[in-house]
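In this text, all values refer to a predicted model and were calculated from it rather than measured experimentally.
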Amino acid sequence: MNIQSTSGTTEAYIALGANLGDREATLLEAISLLQEQPDIIVLRTSNMYETDPVGYVDQPNFVNMAVALSTALSPADLLAVMLETELRLGRERKIRWGPRTVDLDLLWVQGQVIDTPLLTLPHPRMLERAFVLVPLADIVPEEDSSGLYETVHHALDLIDGKDGVRFWKTCSWQSE
C-alpha cells in the first residue's frame with residue numbers, strides 16, 4: 001500500500017471498462033498498476049457491472065466499474081499514467097468505441113474544469129452514460145464537497161438505459 005502525505009493531493013474519479021479476455025482480471029490489474037504509482041492511492045472501488053456496448057454494438061458485453069483515487073499528480077500527468085496502464089494491459093485503438101482489453105477514462109478531478117486538446121474535465125460524456133454513472137454512484141460519498149454527488153444522482157434520475165447496466169459482482173480488489 002502506498003503511504004504518503006495527503007497535503008497537495010486531490011481526489012479523482014476514473015471509469016474502467018473491459019470486454020476482451022478475462023475482463024475482471026484485467027480491471028483488477030489496472031487498479032493494481034494505478035496503486036503501484038508513487039503519487040496515487042486507490043481510495044474506493046465500485047461494484048462491477050456488466051453492460052451492453054454503446055456506439056459500436058457488434059461486440060461482447062463490457063464489465064464496467066469506477067475507482068476513486070487520491071493523487072498528487074496533475075490531471076494531465078494522471079491521464080498519462082492511465083494511458084500507459086492501458087498500453088501495458090494490451091489496449092489497441094482500432095475502432096472508435098470498439099472492443100478493448102481495457103479502457104480508463106478520467107472523469108472528475110475535484111471539480112476542476114479543463115479543456116485542452118488532450119483532456120477535458122469533467123469528462124464531456126460522463127453524464128450521458130449509465131455505464132459510468134451507476135458505478136460512480138457507488139463510490140461518491142454523499143458528503144462530497146465538489147458537487148459530484150449531486151451531479152451524479154441528478155443525472156441518474158434523468159438518464160435512460162440503466163437497464164443495460166446490470167450488477168455483475170462486488171469488486172474483489174484489495175490493496176496490499
Side-chain angles (χ1 to χ4, degrees), residues 6 8-19 23-24 27-28 30-31 34-35 40-57 59 61-79 81-83 85-86 96-98 100 102-173:
T6 56
T9 63
T10 56
E11 193 159 309
Y13 291 87
I14 296 174
L16 299 89
N19 74 337
R23 301 171 301 174
E24 179 182 9
L27 295 177
L28 296 175
I31 297 167
L34 292 170
Q35 176 71 18
I40 296 175
I41 297 173
V42 176
L43 300 173
R44 296 177 299 283
T45 59
S46 73
N47 291 312
M48 294 181 164
Y49 296 87
E50 188 168 53
T51 63
D52 300 331
V54 174
Y56 180 77
V57 296
Q59 60 181 316
N61 286 342
F62 282 82
V63 171
N64 289 96
M65 64 179 301
V67 297
L69 310 172
S70 174
T71 183
L73 297 173
S74 70
D77 288 341
L78 177 56
L79 179 62
V81 168
M82 293 165 54
L83 293 172
T85 299
E86 288 181 345
R96 184 177 173 133
W97 297 320
R100 62 204 80 154
V102 70
D103 184 31
L104 303 177
D105 287 327
L106 184 55
L107 303 173
W108 183 271
V109 179
Q110 220 156 338
Q112 293 183 43
V113 177
I114 298 173
D115 190 6
T116 70
L118 296 176
L119 178 61
T120 302
L121 284 176
H123 189 286
R125 290 172 300 284
M126 78 176 193
L127 300 180
E128 303 166 3
R129 297 174 168 173
F131 65 86
V132 170
L133 291 170
V134 171
L136 199 51
D138 286 350
I139 60 171
V140 178
E142 191 169 355
E143 62 275 5
D144 169 73
S145 63
S146 72
L148 183 58
Y149 180 87
E150 292 82 9
T151 300
V152 167
H153 287 274
H154 178 72
L156 267 175
D157 288 342
L158 301 175
I159 198 164
D160 290 327
K162 289 185 290 251
D163 56 338
V165 180
R166 299 163 299 280
F167 174 82
W168 191 57
K169 60 172 53 176
T170 302
C171 179
S172 61
W173 184 84

- request: Decide yes or no on side-chain contact (heavy atoms from CB on, under 4.5 Å) for Q110 and L148, but give the supporting numbers first.
  value: CA-CA 8 Å; Q110 220 156 338; L148 183 58; over 6 Å; no

Rounded to the nearest 0.5 angstrom, the CD-CZ distance for E50 and F62 is 11.0 Å

Sorted by chain and number, sequence neighbours left out, side chain to side chain donor-acceptor pair (under 3.5 Å) with R166 holds for D52

F167 meets the side-chain contact (heavy atoms from CB on, under 4.5 Å) criterion, sequence neighbours left out, with N47, Y49, T170

One should read off an interatomic distance between I40 CD1 and T9 OG1, to the nearest 0.5 angstrom, of 12.0 Å

**Report entry** Contact check, side chains of E142 and H153, non-hydrogen atoms, under 4.5 Å
**Finding:** no

Taking the side chain as everything from C-beta on, heavy atoms only, tell me whether F131 gets closer than 4.5 Å to V54. yes

Which of L156, V132, T151, I159 passes side-chain contact (heavy atoms from CB on, under 4.5 Å) with L127? Answer is T151

Correct closest heavy-atom pair for L28 and C171 would be CD2-SG, 3.8 Å

Tightest non-hydrogen contact, residues P135 and S46, listed as O-CB, 3.3 Å

Residues at least two apart in sequence or cross-chain that pass salt bridge (charged side-chain N to carboxylate O under 4.0 Å, His left out) with K169, listed by chain then number, are E24

Residue set satisfying ring-ring contact (aromatic ring centres under 6.0 Å, His included) with H154, at least two apart, ordered chain then number -> none

Kindly determine whether H123 and Y13 satisfy side-chain contact (heavy atoms from CB on, under 4.5 Å), including the steps that lead there. CA-CA 10 Å; H123 189 286; Y13 291 87; over 6 Å; no

Separation between CG (L121) and CD1 (I114), nearest 0.5 Å, reads 4.5 Å

Value for CZ (R125) from CG (D105), rounded to nearest 0.5 Å, stands at 8.0 Å

So CG of D144 and CD of E11: to nearest 0.5 Å the spacing works out to 7.0 Å

Residues passing the side-chain contact (heavy atoms from CB on, under 4.5 Å) test with A76, sequence neighbours excluded, are S74

Do I139 and M65 make a side-chain contact, defined as non-hydrogen atoms from C-beta onward lying under 4.5 Å apart? no

One should read off an interatomic distance between L69 CG and T10 OG1, to the nearest 0.5 angstrom, of 9.0 Å

Nearest heavy-atom approach of A155 to L133 is CB-CD1, 3.7 Å

Just wondering, are more than 12 heavy atoms of other shown residues or ligands nearer than 6.0 Å to CG in D157? yes

Between R100 and E86, is there a side-chain N and carboxylate O pair less than 4.0 Å apart? no

On a heavy-atom basis, the closest approach of A12 and L78 is CB-CD2, 3.8 Å

inquiry  = When you compare the side chain of I14 with that of M82, does any pair of heavy atoms fall below 4.5 Å?
reply    = yes

Measuring only between side-chain heavy atoms, which start at C-beta, is V63 closer than 4.5 Å to T51?
no

Tightest non-hydrogen contact, residues V102 and A30, listed as CG2-CB, 4.3 Å

Hits for salt bridge (charged side-chain N to carboxylate O under 4.0 Å, His left out) against D77, two or more places apart or cross-chain, chain-then-number order -> none

Report task. Kindly determine whether Q112 and V109 satisfy side-chain contact (heavy atoms from CB on, under 4.5 Å), including the steps that lead there. Result -> CA-CA 6 Å; Q112 293 183 43; V109 179; 3.4 Å; yes

Are Y149 and P141 close enough that some pair of their side-chain heavy atoms sits under 4.5 Å apart? no

Under a 4.5 Å cut-off applied to non-hydrogen side-chain atoms, are L106 and L119 in contact?
yes

**Message:** Do L16 and N64 make a side-chain contact, defined as non-hydrogen atoms from C-beta onward lying under 4.5 Å apart?
**Reply:** no

